[in-house]
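Counting starts at 1 for both ligands and their atoms, following the listed order.
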Amino acid sequence: MGKKDKRSRDEFEGDVYTSNPNPYLAHASSSSSLASAPSSSKMRINMDASLPPAPTSGPFAGLIPGQTTAKQAMALEDGHANPFTGRAFTKRYRDILAKRRELPVTAQRDEFLAMIQRSQMVVLEGETGSGKTTQIPQYLLWDLLPHLNGKMIACTQPRRVAAMSVAKRVAEEMDVEIGAEVGYSIRFEDCTSNKTVLKYMTDGMLLREAMMDHDLSRYAAIIIDEAHDRTVQTDILMGLLKDLCAKRRPDLKLIVMSATLDAEKFQKYFNDAPLLSVPGRTFPVEVFYTPKPEPDYLEAAIKTTMLIHATQPPGDILVFLTGEDEIEDACRRLRGEADRLRSRAAHDAPKPGPLLAVPLYSSLPPHQQQRIFDAAPEGGRKVVVSTNIAETSLTIDGIVYVVDPGFSKQKVYNPRIRVESLLVSPISQAAARQRAGRAGRTRPGKCFRLYTEESFDKDLLPQTYPEMLRTNLGNIVLQLLNLGVQDLVHFDFMDPPAPETLMRALELLNFLGAITDDGELTRTGQLMAEFPVDPEFSKMLIEAPHYKCSMEMLTIVAMLNVPNVFLRPNDRKKEADAAKAEFAHKDGDHLALLNVYHAYLHNQRDAKWCSANYLNPRTLKSAENVRTQLSRVMTRVGLPLVSGDASKKAYYDQIRKCMTSGFFMQVARAERGGKYTTVMDNQTVFLHPSTCLLTNAEWVMYNEFVMTSNHYIRTVTAIEPGWLLDVAPSYYDPKAVPEGPARDDLARIAKTRAVAKAIEDRKNKKARTDEEDQMMLEQGRAAQKQGRGKQERRRK
Ligand SMILES: Nc1ncnc2c1ncn2[C@@H]1O[C@H](COP(=O)(O)OP(=O)(O)OP(=O)(O)O)[C@@H](O)[C@H]1O
């Protein structure tokens with residue numbers, strides 16, 4: 001038994017600590033713990049009221065939370081039985097354990113523990129594959145033993161697929177069932193139980209939990225992984241947790257893990273927290289560059305992949321592309337090329353093996369994403385073609401080759417014209433290193449960069465530009481307000497967003513009725529924050545019962561929150577367009593989406609029916625899933641699920657009007673020559689060629705602004721300008737609208753309405769006066785009659 005251990009034993013058995021070097025226990029008040037101590041003198045007493053007494057028997061006997069040494073923990077890991085389950089360790093566990101002990105991070109287990117036992121916050125920087133994501137949470141688990149006080153350890157990931165797959169790996173490493181001691185939580189899926197002590201989750205899920213419980217009291221420690229990714233959610237979590245640690249949870253441990261050399265910036269942000277650098281990686285990765293720039297990265301990626309397949313020793317391939325359509329297209333082409341290669345192989349030459357091409361992108365349902373872990377075909381190869389969601393934390397066993405064209409789709413936001421778009425842009429050097437790091441995890445690897453070395457050095461930014469600085473903040477501001485952060489201007493952002501972007505977000509929320517003029521969250525705002533979608537969509541859902549179209553709005557919002565359902569293969573564009581026209585609605589694309597969804601259900605979700613109609617069955621399935629989740633939120637917050645009468649003329653008007661209540665800021669008016677002008681920002685735009693709109697609508701609302709050589713508006717529906725005055729009277733006060741035909745129209749409608757109202761008022765007033773005259777007349781007659789009656793009676 002170690003020295004520390006012996007001392008703890010002596011002090012714990014029936015007595016109170018007198019001196020405690022552990023900051024985890026340091027803030028405890030002795031009187032409170034004494035008062036709550038059981039009378040038995042044999043009971044161990046812990047000074048921290050938030051921690052239960054450490055056990056005197058069983059596998060964890062003698063371990064004091066926050067004081068465990070690596071040696072003690074490793075002795076338990078090496079033991080006969082799993083201390084968590086009581087079951088004997090399996091052979092597979094021991095095999096994996098041997099490999100884990102070879103990871104670079106193992107050498108620094110003691111150093112890490114000493115740091116986290118001394119300091120509330122630690123920044124950890126390590127090479128890809130050094131063991132951060134899988135090992136550090138387990139080190140903490142053995143140290144804090146959070147199960148002893150019913151708390152958990154959380155490890156956040158920017159991406160769902162990583163949270164799920166790492167949790168599964170760690171459950172295997174700990175020899176427990178996934179969902180029991182080790183679990184994961186991602187949007188729309190919670191795989192945890194009351195046994196869970198280590199939870200991998202997306203940063204977005206932890207933020208949602210923080211809305212319910214501002215102190216995150218269920219957690220003993222939180223690890224923010226892949227902090228260098230700098231997603232908006234990660235940045236907000238860092239700000240919130242920093243504040244929480246300082247003000248309300250001195251007992252909470254916080255570890256921020258990053259793969260890059262930017263660790264100093266994190267260290268500084270976290271009040272000069274100690275830094276642990278983990279050098280070294282698992283296996284070497286050889287990097288190759290192209291001698292000259294490639295004119296078409298997609299073609300180059302396919303060519304390189306086929307070349308590897310035809311000439312390189314066994315091993316699977318991971319190819320990075322930018323989006324769903326491109327990936328599906330590449331998978332089809334790779335399958336075709338591989339088949340051709342096999343059929344063309346000379347009789348006497350060795351035949352290249354079969355090739356399994358698997359796509360990976362965020363909108364694929366989770367079970368389909370899991371296909372990337374399928375084994376390669378016998379004697380052949382697996383190629384995973386993925387967006388940058390495979391860039392971090394993922395280990396796909398068998399990947400030896402990485403093909404990196406150097407691009408990804410990135411958000412860009414222009415607050416001046418309030419347009420957010422996804423643009424294919426060059427990745428950063430840090431992202432390129434991450435990509436290369438997907439090889440060399442379970443054996444040595446090779447990375448083929450489809451750009452020159454000079455380009456890597458000179459053209460790629462060292463770090464990924466924080467998402468916070470290039471995104472629309474509407475949803476984030478709503479979340480922060482719901483988390484109780486009132487002073488957004490002074491919120492401790494690592495990189496504060498541009499004031500104009502923040503102002504635009506506040507303006508949007510104010511016009512949507514989510515916040516007051518003083519920036520306080522309204523009841524509508526609180527309801528809006530419950531929905532995991534952009535504020536315009538949640539506003540539509542909240543307004544839906546008023547327009548008697550909750551069911552329709554759920555469908556439309558769900559369909560707009562999944563990728564495009566319409567397929568349009570290059571060689572069958574005409575047929576695909578004809579199939580799409582069958583679903584068209586004269587008033588626009590949103591109603592066409594409603595038609596598609598109804599037809600999908602009517603045809604029993606049949607995949608064959610989908611492909612005959614050029615619809616993507618996977619996307620429709622996702623839409624159904626999103627719709628279910630949203631309808632659960634509506635029910636939970638008490639919004640009635642009502643529907644109108646589709647045979648009535650007003651039915652579609654009500655739906656369009658409800659959509660306008662959310663998207664009134666995205667409206668354009670027709671000009672001559674098929675052009676439109678956005679009403680408030682005066683941008684000239686065209687209807688996207690994909691539109692189903694069949695009328696020459698003068699006024700339209702749109703969902704997306706697409707920037708190419710021309711500016712297009714996509715997913716468009718005809719609206720009445722008068723609705724704008726109904727749903728957003730102050731935004732569309734004609735005085736606030738820029739001069740031009742739109743303003744003239746609105747002013748004319750406002751004036752006509754004012755005149756009509758005046759006439760109505762006068763009519764009402766006249767009706768009132770006539771009514772009053774009539775009443776007085778009748779009263780007079782009655783009085784006369786009464787008077788005559790009296791006279792007669794008197795006469796008699
Ligand atoms: N599912 C798995 N199958 C086989 N080996 C795995 C698996 N997951 C992890 N490993 C092994 O553990 C090593 C460390 O993985 P881990 O995810 O902890 O690294 P990391 O330092 O967090 O890297 P990164 O920052 O790139 O995610 C891998 O390189 C690999 O050898």
Side-chain angles (χ1 to χ4, degrees), residues 92-93 95-109 112 123-141 155-159 161-175 178 182 184 198 200 223-231 234 255-263 266 276-285 315-316 318 320 369-376 382 384 386 388-400 402 404 430-445 447 464:
R92 177 153 172 77
Y93 165 84
D95 292 346
I96 297 181
L97 184 63
K99 287 197 185 128
R100 287 173 53 202
R101 294 275 167 85
E102 283 165 17
L103 290 174
V105 73
T106 305
Q108 279 159 293
R109 189 167 179 167
F112 167 72
V123 175
L124 193 144
E125 171 209 59
E127 278 252 20
T128 57
S130 56
K132 299 181 298 296
T133 311
T134 49
Q135 307 309 303
I136 293 290
Q138 295 188 67
Y139 296 171
L140 256 189
L141 189 69
C155 178
T156 68
Q157 297 291 319
R159 304 183 205 290
V161 59
M164 256 170 98
S165 67
V166 174
K168 284 183 183 155
R169 168 70 181 181
V170 172
E172 239 188 331
E173 291 190 358
M174 286 180 57
D175 217 359
I178 181 74
V182 181
Y184 64 87
L198 174 53
Y200 285 87
I223 303 161
I224 302 182
D225 195 10
E226 315 295 351
H228 57 269
D229 243 36
R230 301 296 308 278
T231 62
T234 298
I255 291 113
V256 180
M257 305 204 292
S258 152
T260 68
L261 297 171
D262 212 17
F266 290 104
L276 183 69
S277 287
V278 184
R281 49 173 308 115
T282 331
F283 296 96
V285 177
D316 296 336
L318 174 61
F320 285 98
Q369 294 186 339
Q370 292 303 306
R371 284 193 49 216
I372 60 169
F373 299 109
D374 286 357
K382 174 173 69 178
V384 177
S386 173
N388 55 355
I389 68 168
E391 203 169 276
T392 43
S393 280
L394 216 58
T395 300
I396 308 172
D397 199 7
I399 295 288
V400 172
V402 168
D404 171 19
R433 284 197 193 96
Q434 284 290 317
R435 288 182 173 190
R438 294 315 103 195
R441 295 176 85 80
T442 50
R443 61 188 100 164
C447 173
T464 307

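- Asp404 is linked by a salt bridge (charged side-chain N to carboxylate O under 4.0 Å, His left out) to Arg435, counting only residues two or more places apart in sequence or in another chain.
- For Arg371, the side chain to side chain contact (heavy atoms under 4.5 Å, CB included) partners two or more places apart in sequence, or in a different chain, are Leu356, Val358, Asp374.
- Partners of Phe112 according to the ring-ring contact (aromatic ring centres under 6.0 Å, His included) rule, which considers only residues two or more places apart in sequence or in another chain, do not exist here.
- Between the side chains of Thr106 and Arg101, not a single donor N or O lies within less than 3.5 Å of an accepting N or O.
- For ligand 1, the 4.0 Å heavy-atom shell contains residues Leu103, Glu127, Thr128, Gly129, Ser130, Gly131, Lys132, Thr133, Thr134, Arg169, Glu226, Thr282, Ser393, Thr395, Arg438, Arg441, Thr442.
- Residues Arg109 and Gln135 bring no donor and acceptor atom of their side chains to less than 3.5 Å of each other.
- No side-chain donor-acceptor contact under 3.5 Å links Ser277 to the backbone of Leu124.
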